[in-house]
Amino acid sequence: MASREEVTVYEDEIRSHYGRLEKMTDLVAMWEVALSDGIHKIEFEHGTTSGKRVIYVDGKEIIRIDWMFKLVGKETFPVGASQTKATINIDAVSGFAYEYTLDINGKSLKKYMENRSKTTNTWVLHLDGEDCRVVLEKDTMDVWCNGRNMETAGEFVDDGTETHFSIGNHDCCIKAVSSGKRREGIIHTLIVDEREIPESTE
């Protein structure tokens, strides 16, 4: 027979489990947004009878409105280290059906990601037992690794430029060379410990 202490612990686990489920009963949408400082998970709860709106970014509640007369509209909030502007649009489709869309910096998520693929390069590699996500912002030449803006040193070389930085004890360099083709522009290559890392598509 279980002791009273074991039963109490078990009851607390059940209460905790059902509390989390109850908390997310109005979850209507979820998005993953790749920014330079990492991939952020955005979750949205919408109570279609109370107008309740709750927004979570990476599991942390950032907006809570428990009652609202107007069921449609928008909610704007910051995401990530750079405080990127995100907006959830709530539109009535028909009757009591709603559509939820996410805008990032004033663009639909799809357009933002298409534009982002033109303005950034991303590499994912495994170093010292951990995954590293390296992002180059081409317009500013900022380099991010796992959410940290890296300290870099740039230099001109014969065939282009090199941006040097370190991840732990590993020497890293992003080489920028002309493709020789107008449409392709500049090609960026990440080299870690003298080994070329293939680019990742997010």
Side-chain angles (χ1 to χ4, degrees), residues 20 24 27 29-44 55-62 77-88 102-202:
R20 275 197 306 274
M24 299 296 263
L27 185 68
M30 187 186 79
W31 300 271
E32 287 191 343
V33 180
L35 300 177
S36 295
D37 67 335
I39 297 173
H40 299 280
K41 184 177 180 181
I42 298 171
E43 296 168 295
F44 181 55
I55 298 171
Y56 301 90
V57 176
D58 299 328
K60 182 181 174 200
E61 182 179 302
I62 58 162
F77 54 97
V79 177
S82 59
Q83 300 287 288
T84 301
K85 182 178 148 191
T87 302
I88 294 175
L102 180 68
D103 292 346
I104 303 292
N105 280 341
K107 297 181 176 122
S108 72
L109 180 58
K110 183 179 182 207
K111 282 238 184 289
Y112 175 80
M113 295 312 286
E114 285 170 0
N115 186 52
R116 186 169 165 69
S117 69
K118 295 173 190 167
T119 60
T120 62
N121 287 85
T122 304
W123 298 270
V124 177
L125 60 149
H126 198 72
L127 282 178
D128 300 330
E130 97 177 50
D131 288 330
C132 295
R133 181 176 176 268
V134 176
V135 178
L136 168 69
E137 294 180 350
K138 295 184 212 178
D139 53 349
T140 61
M141 293 306 286
D142 282 347
V143 176
W144 293 77
C145 180
N146 291 350
R148 266 187 32 241
N149 195 336
M150 305 300 287
E151 194 170 308
T152 61
E155 69 173 309
F156 290 99
V157 293
D158 289 341
D159 55 351
T161 63
E162 292 182 354
T163 303
H164 298 271
F165 61 99
S166 295
I167 301 174
N169 295 325
H170 301 276
D171 293 326
C172 307
C173 171
I174 296 176
K175 288 182 163 243
V177 296
S178 173
S179 65
K181 298 174 185 163
R182 191 171 177 191
R183 283 192 177 271
E184 286 181 34
I186 296 172
I187 297 172
H188 295 88
T189 307
L190 174 64
I191 297 167
V192 177
D193 297 333
E194 299 181 18
R195 182 175 57 103
E196 187 174 320
I197 307 300
E199 191 174 348
S200 172
T201 55
E202 293 183 318

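Taking both residues in full, the closest heavy atoms of Ala86 and Leu102 are given as CB-CD1, 4.2 Å, listed atom of the first, atom of the second, then distance. Shown here for Trp144 and Ser36, the closest heavy-atom pair between the two residues is CB-O, 3.3 Å.
For the pair Ile186/Val177, no side-chain contact is recorded, criterion being any heavy-atom separation below 4.5 Å from C-beta on. At least one side-chain heavy atom of Leu190 sits under 4.5 Å from a side-chain heavy atom of Leu125. Under the 4.5 Å side-chain criterion, counting only non-hydrogen atoms from C-beta, Phe77 is in contact with Ile88.
The closest donor-acceptor contact from the side chain of Asp131 to the backbone of His126 lies at 3.5 Å or more, if one exists at all. With hydrogens and angles disregarded, no donor-acceptor distance shorter than 3.5 Å links the side chain of Glu194 to the backbone of Ile191. A donor-acceptor pair under 3.5 Å links the side-chain atoms of Asp193 to the main chain of Asp171, judged by distance alone. In this structure, Ser179 contributes its side chain and Gly185 its backbone to a donor-acceptor pair below 3.5 Å.
Side-chain contact of Thr120 with Glu137: a donor-acceptor pair under 3.5 Å is absent, judged by distance alone. Side chains of His40 and Glu32: no donor on one and acceptor on the other come within 3.5 Å.
Counting heavy-atom neighbours within 6.0 Å of Gln83 CD, excluding the residue itself, gives a total above 12.
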